[in-house]
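Have a look at the structure below before the remarks.
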2 protein chains.
Amino acid sequence: MATIHDVARAAGVSISTVSYALSGKRSIADSTRRRVADAAVSLGYQPHAGARMLAGTRTQIFALTAPLRHDTYAPAHMAFVLAVATAARRHDYDILLLTEDEATKGLSRVASSRLVDGVIVLDVSVRDERIALVQNLGVPTVVIGIPDDPAGLACVDLDFEAATRLAIDGLADRGHRRMALLGHPDEIYERGSNFPIRVRDTFLSHTADLGLPGRFSTSETDSGAVRAALDALLAGDERPTALIMHCQESVQATVLDHLRDRKISVPEDMSIISVGSTFDTTKFSPALDVIPLIPAATCDAAVDILVASLPDPPDPRVQYVAPEYRANGSVAPVPAP
Amino acid sequence: MATIHDVARAAGVSISTVSYALSGKRSIADSTRRRVADAAVSLGYQPHAGARMLAGTRTQIFALTAPLRHDTYAPAHMAFVLAVATAARRHDYDILLLTEDEATKGLSRVASSRLVDGVIVLDVSVRDERIALVQNLGVPTVVIGIPDDPAGLACVDLDFEAATRLAIDGLADRGHRRMALLGHPDEIYERGSNFPIRVRDTFLSHTADLGLPGRFSTSETDSGAVRAALDALLAGDERPTALIMHCQESVQATVLDHLRDRKISVPEDMSIISVGSTFDTTKFSPALDVIPLIPAATCDAAVDILVASLPDPPDPRVQYVAPEYRANGSVAPVPAP
DNA sequence: CTGAAAGCGCTTACAG
DNA sequence: CTGAAAGCGCTTACAG
């Protein structure tokens with residue numbers, strides 16, 4: 001393997017000139033820069049990662065702590081992991097993956113051995129031991145999601161509150177007054193990520209603010225439970241004319257199956273908006289209006305904040321990513337009674 | 001941050017003694033070892049990762065290349081990524097995650113900058129550009145899955161052939177003669193991982209060897225397609241009495257729903273075995289007999305092979321992980337005509 | 001059983 | 001615009 005000395009010799013310059021020519025950290029004569037670049041390419045020179053870490057101030061590695069809980073929805077989780085890795089690469093950073101059993105021990109290890117320049121915390125839960133840890137370690141950190149107490153932290157997340165209001169307002173504008181929200185399994189609200197709670201609470205408060213009745217139900221993910229939950233949500237005289245769904249893909253598919261079975265047409269009899277979804281709602285039949293959760297949007301913002309602050313920790317802040325409405329034809333004016 | 005010099009001073013020894021005491025690479029007096037260990041703990045000493053990489057011969061990092069194709073089944077994929085990380089940690093290795101757009105460029109980068117000691121290739125496809133690359137780079141590599149041409153490679157995978165025969169033989173022993181296999185979507189067979197093909201081909205050849213008719217069908221994953229595929233598989237006079245499923249979780253759930261709708265009882269009217277599944281088939285109703293694909297088993301073997309060979313590439317070989325039958329009550333003797 | 005020292009391959013003040 | 005040199009914090013022959 002070629003070293004910086006080999007490149008220096010080939011280009012006829014000193015190793016410091018090679019270093020500066022390649023990093024651009026001081027001005028170099030064009031002809032020199034070219035010779036160095038040519039020599040580096042023809043020798044297939046790649047700087048030694050360990051030497052850089054030792055001599056320099058950066059490792060170009062971030063740790064990503066992404067615990068898989070038993071109720072984690074794998075496709076969304078994967079999408080976020082990938083989006084973080086992709087965003088990091090744009091800034092020349094690699095991702096070191098820390099798994100659950102390593103959630104704390106691993107964080108200490110990689111931070112204090114200076115293997116990583118920063119930490120990205122994924123899928124933060126309401127009370128998350130990783131938070132106190134990174135604060136103690138003093139390692140620059142950005143959190144994707146918002147814990148109960150975000151004090152002192154840099155957090156990034158979709159503005160689920162705004163997304164929920166956007167859905168409700170859009171339906172209200174079309175004359176809908178009776179809306180329902182179908183959410184995740186109970187367990188998710190009891191001790192999980194906090195965004196389902198934010199959607200639920202915003203749904204209840206914002207419908208109330210508008211003087212509208214708001215029905216909410218959780219649902220387990222199996223098809224029987226979904227059908228039962230939906231039946232309960234639609235029971236009684238004052239049947240909702242609009243449904244907001246914040247739940248996983250298979251549940252939303254089952255809802256559409258069940259509405260079809262019950263001869264409830266979308267959007268003629270029932271308008272539907274899918275909120276905070278990471279999957280493609282145009283593949284459903286019918287395609288659903290959606291206010292998506294876009295992993296790349298959130299993760300790009302998170303990585304940008306982290307990179308910008310290095311080598312210091314980022315300033316504490318909660319950055320909300322603005323929601324975006326995508327109409328796909330599943331919302332219509334409220335049907336005449 | 002404490003360095004090795006701080007530990008040496010605190011323990012009243014030289015830095016080489018600290019290094020050896022901590023690594024155990026040469027014999028050290030018990031009392032010295034204890035003093036060094038105490039000093040290291042009380043100072044919170046963690047060796048500098050970059051310094052180790054530069055001075056030593058190992059980085060204690062493996063690259064994991066785990067591309068997410070659009071037909072990747074995320075839960076299984078996640079399970080494998082996690083199993084690799086967990087297995088690596090047992091040998092004091094961390095995992096650097098390489099995503100798809102980095103599948104080749106990233107591999108070259110981390111290998112030639114000597115960031116990683118080895119590479120683990122996940123979800124290898126039939127023809128995979130990553131294979132030629134790692135062979136060229138000369139970086140120690142182990143492949144999870146088996147490409148078309150495994151020559152020169154160390155590969156690890158569940159013995160899907162044996163698993164399929166095990167399923168067929170188990171059914172044949174109970175008197176079943178008409179068996180069907182429900183597989184993945186077509187696309188998977190056309191250009192994907194090779195194990196679905198191995199299951200399909202073994203199913204067809206082994207039933208033929210036994211002189212039994214074997215029906216095979218692919219299926220898309222949406223509920224309508226699954227029901228149609230199943231109906232086709234069960235059509236005609238000679239209805240199969242046993243079904244082997246090698247497809248994703250939601251498809252298997254739909255199959256059970258559909259059999260229930262058609263009043264076909266499991267196992268009384270129809271015996272079922274789930275093959276190569278990564279999910280929990282005891283959660284279905286009824287619970288299904290399964291020959292599971294256990295990510296930990298495969299990944300442990302892969303990491304063991306890689307670690308054992310370092311710093312050299314492992315010897316070329318294809319290591320098959322033996323299948324294991326788990327009875328859960330979904331197989332019964334063939335019903336009387 | 002232990003120590004003094006070379007050296008891994010870079011980055012970055014310090015000098016000119 | 002460029003170079004000589006110190007130094008990052010380890011590991012590991014070399015010596016005793």
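Throughout, a chain's letter reflects where its sequence line sits, starting with A, and its residues are numbered from 1. No hydrogens, no waters, no symmetry mates; every other heavy atom, side chains included, goes into these values.
Here C/dC8 presents its P atom at 16 Å from CE of A/Met1, a figure rounded to the nearest Å. A straight line from CZ of B/Arg58 to C1' of D/dC10 spans 16 Å, rounded to a whole angstrom. Put simply, CZ on A/Arg26 is 13 Å from P on C/dC14, counting in whole angstrom units. In this structure, A/Leu115 atom CG and D/dG9 atom P are separated by 15 Å, rounded to whole Å. If you measure from atom OH of B/Tyr20 to atom P of D/dT11, you get 9 Å, rounded to the nearest angstrom. Remark: P of C/dC8 and CZ of B/Arg114 are 12 Å apart, rounded to the nearest angstrom. The nearest whole Å value for the distance from the CE atom in A/Met53 to the C1' atom in D/dC8 is 13 Å. For the pair B/Arg9 CZ and C/dA4 C1', the computed distance is 16 Å after rounding to whole Å.
Of all nucleotides present, only C/dG3 satisfies the Watson-Crick or G-U wobble test against D/dC14, with each distance under 3.5 Å.
In this structure, of D/dG3, D/dT11, C/dA4, it is C/dA4 that holds the atom nearest to the side chain of B/Ser14. Out of D/dA5, D/dG3, D/dT11, the shortest distance to the side chain of B/Ile15 is found at D/dT11. The side chain of B/Thr57 lies closest to D/dT12 when the candidates are D/dT2, D/dT12, D/dA4. With C/dA13, D/dT2, D/dT12 as the choices, the nucleotide that has an atom nearest any side-chain atom of B/Lys25 turns out to be D/dT12. In this structure, of C/dT12, D/dA13, C/dC10, it is C/dC10 that holds the atom nearest to the side chain of A/Arg52. Closest contact between the side chain of A/Thr17 and the listed nucleotides C/dA5, C/dC10, D/dG3 involves D/dG3. Distances were taken from every side-chain heavy atom of B/Leu54 (C-beta onward) to each of C/dT2, C/dC8, C/dC10; the shortest belongs to C/dC8. Among the nucleotides C/dC10, C/dG9, D/dC10, the one closest to the side chain of A/Ile4 is C/dC10.
OP1 or OP2 of C/dC10 has at least one side-chain nitrogen or oxygen of A/Tyr45 nearer than 4.0 Å. For the OP1/OP2 pair of D/dT11 and a distance below 4.0 Å, the side-chain nitrogens and oxygens of B/Ser23 include no atom meeting the criterion. In terms of phosphate contacts, A/Ser19 brings no side-chain nitrogen or oxygen within less than 4.0 Å of OP1 or OP2 of C/dC10.
A/Thr3 comes within 4.0 angstrom of the backbone, heavy atoms only, and of no base.
With hydrogens and angles ignored, a donor-acceptor pair closer than 3.5 Å exists between the side chain of A/Ser16 and the base of D/dA4.
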Steps toward salt bridge (Lys or Arg N to Asp or Glu O under 4.0 Å) verdict (A/Arg130, A/Asp128): CA-CA 5 Å; A/Arg130 295 174 293 170; A/Asp128 200 310; 2.7 Å; yes
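Heavy-atom neighbours of B/Asp315 CG from other residues, nucleotides or ligands within 6.0 Å: at or below the threshold of 12.
Considering OH of B/Tyr93 and CZ of B/Arg58, their distance stands at 5.0 Å, rounded to 0.5 Å.
When each of B/Ile28 and A/Gln46 is assigned the nucleotide of DNA chain C bearing its nearest heavy atom, the one mapping closer to the 5' terminus is B/Ile28.
Between B/Arg9 and B/Asp6 there is a salt bridge, with a side-chain nitrogen of the basic residue lying less than 4.0 Å from a carboxylate oxygen of the acidic one.
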